[in-house]
Student: 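My questions will all concern the structure given below.
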There are 2 protein chains.
Amino acid sequence: MESLTEKIEKYIRSLLEANSADEIILRRKELANVFGCVPSQINYVLQSRFTPERGFIVESQRGGNGYIRIIRVCLSGVEDRLNHIEEIVDGVMTPQETRRLLKNLEERELLTLRERTMLEVILRFVDEVLVSFFDLPAYRRDEINTELVRRVLKSLAII
Amino acid sequence: MESLTEKIEKYIRSLLEANSADEIILRRKELANVFGCVPSQINYVLQSRFTPERGFIVESQRGGNGYIRIIRVCLSGVEDRLNHIEEIVDGVMTPQETRRLLKNLEERELLTLRERTMLEVILRFVDEVLVSFFDLPAYRRDEINTELVRRVLKSLAII
DNA sequence: AATATTCTTGACATATTTTGACCTTCATGC
DNA sequence: GCATGAAGGTCAAAATATGTCAAGAATATT
């Protein structure tokens, strides 16, 4: 069973494909009408599915002639990719957040499945060492794991 | 006598076979119902049997329309390669020996440049953490680093 | 026989989706 | 200017999934 959120996500992605554009403009109310849902559902879809981590930027304007603009981000140069990494690997990530990030990066083809698997094996091993040898609390382990991911992704960004 | 965990493991594997797919999607509660067990038993099976080290990636999402997705990344004919790994990652390696091994694997096209870079960045970071946080002597760090390489290569041998 | 490891269970914690009531912003006509 | 109506935004509750953790039971190892 596909959720409403997934349907709307696919619809928006199909609009982007169809226009073979990196950008589309929507009316929130109209889109909500298409799916027979409440307008704020659209906000939820945007906030959960069209995030920078997934490679999108969303702009909007209220008031008369208001709109929602969805932009697919293209990472062209090394500089762009490094900044992007800094943006999406922000603060300290829990293992769950880390796994989700890796999944998203694979979906965007910024990581291969092998690279993702390697990283998961390594993160598990490092975590195991930190807990069983050094009895480190979860928060400290998350700090180290996050920094590891940050460094790896940065190093890959420049290749 | 087969344990519940083993039964569930076989059942999931059979689902993957049956669909001849590299991926299945489950509902934790439903699967628990099939075996008349507690839902968290499913987590135990996933954590102990469907690890990246064994060639699986597990993704999941909580909440409404939640799911558990199991991705198989393993192929057949693994035995030889595993033995080979045991041979080449023998004993404890120094950082120099490790780098030479990784370079060699890249030249033989068993690792890509990106994968080798990932590993080198990770090994350097782990070593740094072990020194600066825990003041571990060199031979202990080499043990950990060697084990890390062994695990990663084993999991890659499966893929 | 004693100890260590793995398995099983259940109480409790956390995350996601959907909906609706209420808030904020802005272009436009007067 | 400024009131108005037409946008989009925020927040919280309810429903519904999965995750975590620890204790006890079952098995394996020494």
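Since the structure is predicted, the reported quantities are computational estimates derived from the model, not experimental observations. Naming: A, B, ... by sequence-line order, numbering from 1 per chain.
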Student: Salt bridge (Lys or Arg N to Asp or Glu O under 4.0 Å) with E79(A): which residues, sequence neighbours excluded?
Tutor: none
Student: Show every donor-acceptor pair shorter than 3.5 Å between a side-chain atom in residues 32-51 of chain A and any protein atom, with sequence neighbours excluded, or say none if there are none.
Tutor:
unit_1, atom_1, unit_2, atom_2, d
Q41(A), NE2, T5(A), OG1, 3.0
N43(A), OD1, R28(A), NH1, 2.6
S48(A), OG, Y44(A), O, 2.8
R49(A), NE, E9(A), OE1, 3.2
T51(A), OG1, R54(A), N, 3.3

Student: For K29(B), what residues pass the side-chain hydrogen bond (donor to acceptor under 3.5 Å, both in side chains) criterion, not counting sequence neighbours?
Tutor: none
Student: Atom CD of E9(B) and atom C1' of dT6(C): how far apart are they, to the nearest Å?
Tutor: 14 Å
Student: Could you tell me how far apart R28(B) (CZ) and dG10(C) (P) are, to the nearest whole angstrom?
Tutor: 13 Å
Student: Please identify which of these residues, L102(B), N104(B), L101(B), meets the side-chain contact (heavy atoms from CB on, under 4.5 Å) condition with L111(B).
Tutor: L102(B)
Student: What is the nucleic acid contact for E59(B), judged by heavy atoms within less than 4.0 Å: base, sugar-phosphate only, or nothing?
Tutor: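 The answer is nothing, as E59(B) stays clear of every strand by at least 4.0 Å.
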Student: Thinking salt bridges, do E143(A) and R140(A) make one under a 4.0 Å N-O criterion?
Tutor: yes
Student: What is the 5' to 3' range of DNA chain D, first to last nucleotide, that sits under 4.0 Å from any heavy atom of chain B?
Tutor: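 Taking any atom under 4.0 Å from a heavy atom of chain B, the span is dT16(D) to dT20(D).
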Student: For R27(A) and dA27(C), what is the distance between atoms CZ and P respectively, to the nearest whole Å?
Tutor: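 Nearest whole value for this atom pair: 12 Å.
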Student: So F125(A) and R150(B), do their side chains get closer than 4.5 Å, heavy atoms only?
Tutor: no
Student: Could you state the CD-P distance from Q96(A) to dA15(C), rounded to the nearest angstrom?
Tutor: 7 Å
Student: Sugar-phosphate means primed atoms, P, OP1 and OP2; the rest is base. With that split, encode nucleotides 17-24 of chain C 5' to 3' as B, S or - using protein heavy atoms under 4.0 Å.
Tutor: BBBB---B
Student: Between R99(B) and E120(B), is the closest basic N to carboxylate O distance under 4.0 Å?
Tutor: no
Student: Pair up each side-chain donor or acceptor in residues 127-138 of chain A with any protein partner under 3.5 Å, not counting sequence neighbours, and list the distances.
Tutor:
unit_1, atom_1, unit_2, atom_2, d
D127(A), OD1, N145(A), ND2, 3.1
D127(A), OD2, R141(A), NH1, 3.1
E128(A), OE1, R151(B), NH1, 3.2
E128(A), OE2, R151(B), NH2, 3.2
S132(A), OG, E128(A), O, 2.8

